[in-house]
**Q** 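One structure, pasted below without further comment.
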Amino acid sequence: MSITEVSLPTIVLPDEWNNAELKASFGICDNCGWDGVDRILTEHLDCFPKQGTDCVCCNVTATVLTAFEHAYDHLRPEERQEARLDTSQYELFTTIEIDGVETPRAIPKRPGADRIEYNSTGSLESLAWAQDQISTCVKSHDKCREFQALGHFLPTRLLHINPNDLGDLVLKESKEIPIESLYVALSYCWGSVTPQCWTTASTVHLREKRIPWSTLPKTFQDAVTFTRSIGIDYVWIDSVCIIQGDKEDWQREAGKMYEVYKNAYVTLAALWGTNSESGLFLKGSDWSAKLIAEVQLRDHKWPLYVKRIHPNFWDWTAIKAYPHNPDPPLFKRAWAYQERLVSPRVLLFAESELFLMCFRNVCCECGIAASAITESPYKHSKRNFIEFVTSRGESSSDEGRTGTSGPRRSPDLGWRELVENFTELDLTYESDRLPAIGGLARHFQEVRPNEAYLAGLWSGSLYGDLLWMAPTLQQTQLKYFQMERLKDRVGSEKTPSWSWAYVHSPIQFASRVLMQSPGIRSSDIEGIAEVVEANCRYKDGNIGGVLEACSLVLKGRLYSCWALRTRRREKLSPYRWPTGLWGPSYSPAWDRPFIVRGLRLQQRVYLLEIAHLSSGSRGMRGYMVLKRRDTRNCFSRVGFLGCSLHRDFQRFGKTTICTIV
């Protein structure tokens with residue numbers, strides 16, 4: 001839209017606006033307090049400020065507030081006077097650059113002036129932008145190509161979308177498809193909707209003949225439309241390409257998720273969809289840019305736009321830091337976390353614009369400079385992830401390593417960080433807890449080739465990996481674990497109690513929490529117990545798939561004590577030993593409400609000394625809290641304790657070979 005087509009206010013800037021000495025000569029505005037610094041949009045200014053001031057900040061802010069005045073139409077006059085717009089959630093920019101003329105300071109230039117008015121992610125302009133960004137990545141990003149073998153892997157089944165025919169689809173097995181074919185993958189929230197096009201054992205033969213377009217939910221239709229627009233013949237959608245209700249087929253395909261997303265040409269992420277009917281192509285006016293004024297500096301004019309600041313979608317763990325911007329539904333799903341990390345290219349469909357993330361770069365339609373996002377790997381989750389899995393040759397073992405300064409972002413610390421983030425996310429079926437992170441384990445296996453993957457832990461960093469806790473259970477135990485969950489699950493489920501995957505709750509590792517630091521080096525964890533046996537067996541030998549059996553045998557100092565319920569808190573109270581010695585009380589982090597109302601107020605438990613953790617002059621010992629099972633010296637884990645036990649208490653520990661299930 002040309003700025004001459006609408007009547008816009010003109011904000012005249014002082015001739016010396018770009019002068020570095022402006023701040024010193026400008027003074028402080030009596031109305032808004034602006035002192036000439038770069039931000040010219042006052043935060044939390046009254047919705048109807050004074051007019052007629054010479055202050056640039058007042059004029060700009062008043063113009064922004066006027067543009068959003070409709071947001072207060074529902075308020076009574078007296079309420080409108082008290083209303084405030086949080087202008088900190090908005091940014092100003094212009095879209096043009098005049099040759100030989102410096103753009104006014106504090107007004108960044110955003111590219112894409114020819115399409116800034118479009119606010120639908122399904123527009124031709126948006127699709128063309130996406131295709132251009134994807135093509136650039138495929139052709140010029142070596143790191144992104146390094147982790148996939150386009151044309152060398154195909155999923156078991158794919159949807160043939162007939163790019164030249166806008167009609168129905170067909171489900172095909174990979175043996176019917178040329179091996180060099182490209183495909184697009186979809187990442188979305190299932191929700192409570194059951195699509196008519198689901199594939200089951202009784203309908204798979206029908207899907208191989210024809211899938212009517214009308215049976216596809218809106219998200220699937222949009223995914224097919226986009227795939228056709230970039231000239232690709234195949235798309236992979238889990239609920240259609242995996243036989244639903246067939247346990248054997250699911251177990252086989254779950255182990256292939258790593259390859260499916262790793263080798264997709266691009267993964268389409270339905271960021272805001274709550275189910276498969278939400279669609280990809282959204283139109284959100286609250287997020288689109290508004291042309292509000294023109295800015296004049298001497299004889300030149302620039303259009304002035306304002307836009308709501310979108311969250312840092314490239315840094316998924318930082319989304320929670322933006323209270324004004326709720327988490328996108330897809331970012332709450334555990335399966336989707338793995339899908340986005342493993343995929344070399346992810347196209348995020350937000351409310352009014354597209355984002356493309358790859359292992360090298362991040363870009364969005366609004367024109368934020370990619371360098372500002374990716375200059376630090378800690379701001380870019382995919383780039384951060386790739387740093388971990390390209391540290392080839394770096395040892396991650398923490399057994400017996402003392403005085404060795406390993407890499408700051410070593411694979412063992414990287415894995416623990418991913419696990420902590422992963423366990424905060426939701427799963428429809430808790431039995432998917434290990435398969436849903438199995439693809440990431442496959443990725444890490446490349447840099448930990450001599451280590452065994454042990455149900456979410458690694459043999460090379462086993463001591464540190466065993467020292468995890470579920471802190472949220474200490475405040476909301478019965479919310480997370482109903483009474484029926486207190487029953488011992490060993491035998492009915494394959495997940496061992498010593499794995500964090502056993503607990504259906506967010507977890508944290510002691511090495512990152514108790515040391516009060518972002519992380520503790522592997523060399524700071526000294527193993528005390530001896531690992532007699534540690535192994536796991538997976539279906540078809542695929543660590544990214546289904547766990548079939550596991551074993552952990554440790555030899556270490558075992559302490560017998562009582563777990564007591566005192567003043568509504570469960571404590572380990574070695575209150576009286578056989579010798580008559582009185583000892584201190586400790587509050588462990590329980591994996592589940594081990595002692596609850598209606599059960600015994602005291603139960604016998606055991607502490608198994610695992611490792612010593614230290615950071616500088618600070619140190620502690622990590623213990624697993626165990627409960628004896630029917631078999632002698634066979635235990636299950638029920639909690640974690642990190643402390644330095646009383647020296648008299650330590651005298652009563654007995655070296656024991658413990659089988660932990």
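Keep in mind the model is a prediction, meaning the values are calculated, not measured.
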**Q** Got a second to check how far M469's CE is from I507's CD1, nearest 0.5 Å?
**A**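 The CD1 atom of I507 is 9.0 Å from CE of M469, to the nearest 0.5 Å.
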**Q** Would the distance check show the side chain of T203 and the main-chain N or O of T200 forming a donor-acceptor pair, the cut-off being under 3.5 Å?
**A**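 Present.
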**Q** Can a donor-acceptor pair be found, under 3.5 Å and without considering hydrogens, that links the side chain of R345 to the backbone of L356?
**A**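 Answer holds: no.
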**Q** Could you check whether any side-chain heavy atom of R157 comes within less than 4.5 Å of a side-chain heavy atom of I243, counting everything from C-beta outward?
**A**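 Heavy-atom side-chain distance check passes, below 4.5 Å.
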**Q** Which heavy atom in C144 sits nearest to a heavy atom in P344, and how many Å separate them?
**A**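 So the two residues come closest at O-CB, 3.9 Å.
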**Q** Report the residues that fulfil ring-ring contact (aromatic ring centres under 6.0 Å, His included) with Y183, sequence neighbours left out, ordered by chain and then residue number.
**A**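 Not a single residue meets the ring-ring contact (aromatic ring centres under 6.0 Å, His included) criterion with Y183.
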**Q** Report yes or no: does T215 contribute a side-chain atom to a donor-acceptor pair with the main-chain N or O of Q196 at less than 3.5 Å?
**A**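 Answer holds: no.
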**Q** Between D233 and K172, does any side-chain N to carboxylate O distance fall below 4.0 Å?
**A**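 No, D233 and K172 are not salt-bridged.
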**Q** OH of Y265 to OG1 of T227: how many Å apart, nearest 0.5 Å?
**A**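 Here the rounded value is 11.0 Å.
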**Q** Aromatic rings F349 and F226: how do their planes relate, parallel, tilted or perpendicular, breaks at 30° and 60°?
**A**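 Because their plane-to-plane angle is over 60°, the rings of F349 and F226 count as perpendicular.
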**Q** Give the minimum heavy-atom separation between R433 and A501, together with the two atoms involved.
**A**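 The answer is CD-O, 3.3 Å.
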**Q** Answer whether the closest heavy-atom distance between the side chains of P496 and L547 falls below 4.5 Å.
**A**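 P496 reaches L547 side chain to side chain.
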**Q** Tell me if a side-chain donor or acceptor on D246 pairs with a main-chain N or O of A201 at a distance below 3.5 Å.
**A**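 No; judged by distance alone, with no hydrogens or angles, the pair does not exist.
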**Q** Please report the shortest heavy-atom distance between V240 and I211, naming the atom on each side.
**A**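 Scanning both residues completely, I find the closest heavy atoms to be CG1-CD1, 3.9 Å.
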**Q** Give a yes or no on whether the backbone of K143 and the side-chain of R360 come within a donor-acceptor separation of less than 3.5 Å.
**A**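 Checked: no pair found.
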**Q** Look only at the side chain of Q244 and the backbone of I242, and say whether a donor-acceptor pair between them is shorter than 3.5 Å.
**A**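 Side chain of Q244 to backbone of I242, a donor-acceptor pair under 3.5 Å: yes, one is there.
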**Q** Checking the side chain of S278 only, and the main-chain atoms of N275 only, is there a donor and an acceptor separated by less than 3.5 Å?
**A**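 Yes.
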**Q** For the residue pair R340 and L330, what are the closest heavy atoms and their distance?
**A**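 Between these two residues, the closest heavy atoms are NH1-O, 3.7 Å.
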**Q** Please check if any side-chain donor atom of E253 sits under 3.5 Å from a side-chain acceptor atom of T156, or the reverse.
**A**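 Per modelled atom types, E253 and T156 side chains form a pair under 3.5 Å.
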**Q** Do I437 and W415 touch side chain to side chain, with heavy atoms closer than 4.5 Å?
**A**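 Of all side-chain heavy-atom pairs linking W415 with I437, at least one is under 4.5 Å.
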**Q** When you compare the side chain of Y234 with that of L154, does any pair of heavy atoms fall below 4.5 Å?
**A**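 Side chain of L154 against side chain of Y234, heavy atoms only: no contact under 4.5 Å found.
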**Q** Roughly how far, to the nearest 0.5 Å, is OH of Y305 from NZ of K290?
**A**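 Output value for this atom pair is 13.5 Å.
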**Q** Under the rule for salt bridge (Lys or Arg N to Asp or Glu O under 4.0 Å), what residues qualify as partners of D238, not counting sequence neighbours?
**A**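 So D238 forms no salt bridge (Lys or Arg N to Asp or Glu O under 4.0 Å) with any residue.
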**Q** Are side-chain heavy atoms of T225 and R228 found at a separation under 4.5 Å?
**A**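 T225 vs R228: side chains apart.
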**Q** Is there a side-chain contact between W272 and P329 (heavy atoms, below 4.5 Å)?
**A**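 In short, these two side chains touch, coming nearer than 4.5 Å.
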**Q** With rounding to the nearest 0.5 angstrom, report the CD to CG distance, Q131 to L124.
**A**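 Answer for the CD-CG pair, Q131 versus L124, is 11.5 Å.
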**Q** Let's go through W190 and W198 carefully: what are the C-alpha distance in whole Å and the side-chain angles of both, what is the deciding distance for ring-ring contact (aromatic ring centres under 6.0 Å, His included) to 0.1 Å, and is it a yes or a no?
**A** CA-CA 12 Å; W190 281 37; W198 264 28; 5.4 Å; yes
**Q** Report yes if some heavy atom in the side chain of T121 is under 4.5 Å from a heavy atom in the side chain of F355; otherwise report no.
**A**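 T121 does not reach F355 side chain to side chain.
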**Q** Ignoring hydrogens, what is the shortest heavy-atom contact between S276 and V193? Give both atom names and the distance.
**A**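 Scanning both residues completely, I find the closest heavy atoms to be OG-CG1, 3.7 Å.
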**Q** Could you go through the side chain to side chain contact (heavy atoms under 4.5 Å, CB included) check for L171 and C241 one step at a time?
**A** CA-CA 7 Å; L171 183 65; C241 296; 4.1 Å; yes
**Q** Please walk me through it: do Y188 and F220 pass ring-ring contact (aromatic ring centres under 6.0 Å, His included)?
**A** CA-CA 9 Å; Y188 67 103; F220 296 5; 5.3 Å; yes
**Q** Charged N to carboxylate O under 4.0 angstrom, E259 versus R442?
**A**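 R442 and E259: salt-bridged.
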**Q** By ring-ring contact (aromatic ring centres under 6.0 Å, His included), which residues pair with W236, not counting sequence neighbours?
**A**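 Listed in chain order: Y261.
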**Q** Out of curiosity, L169 CG to L216 CG, how far, rounded to the nearest 0.5 Å?
**A**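 Result: 5.5 Å between the selected atoms.
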**Q** Donor-acceptor pair, E430 side chain versus H504 backbone, under 3.5 Å?
**A**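 No; zero donor-acceptor contacts below 3.5 Å.
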**Q** Can any side-chain N or O of N542 pair as donor or acceptor with the backbone N or O of G255 at less than 3.5 Å?
**A**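 Yes.
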**Q** Of the non-hydrogen atoms in L182 and I232, which two are nearest, and what is the gap between them?
**A**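 Looking at all heavy atoms of both residues, the closest pair is O-CG2, 3.3 Å.
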**Q** So, do F509 and V419 sit near enough that their side-chain heavy atoms are less than 4.5 Å apart?
**A**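 F509 vs V419: side chains touch.
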**Q** Roughly how far, to the nearest 0.5 Å, is OH of Y453 from CD of Q445?
**A**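 Answer rounded to 0.5 Å: 10.0 Å.
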**Q** With distance as the sole test, does R333 use its side chain to make a donor-acceptor pair with the main-chain N or O of L425 at under 3.5 Å?
**A**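 Checked: no pair found.
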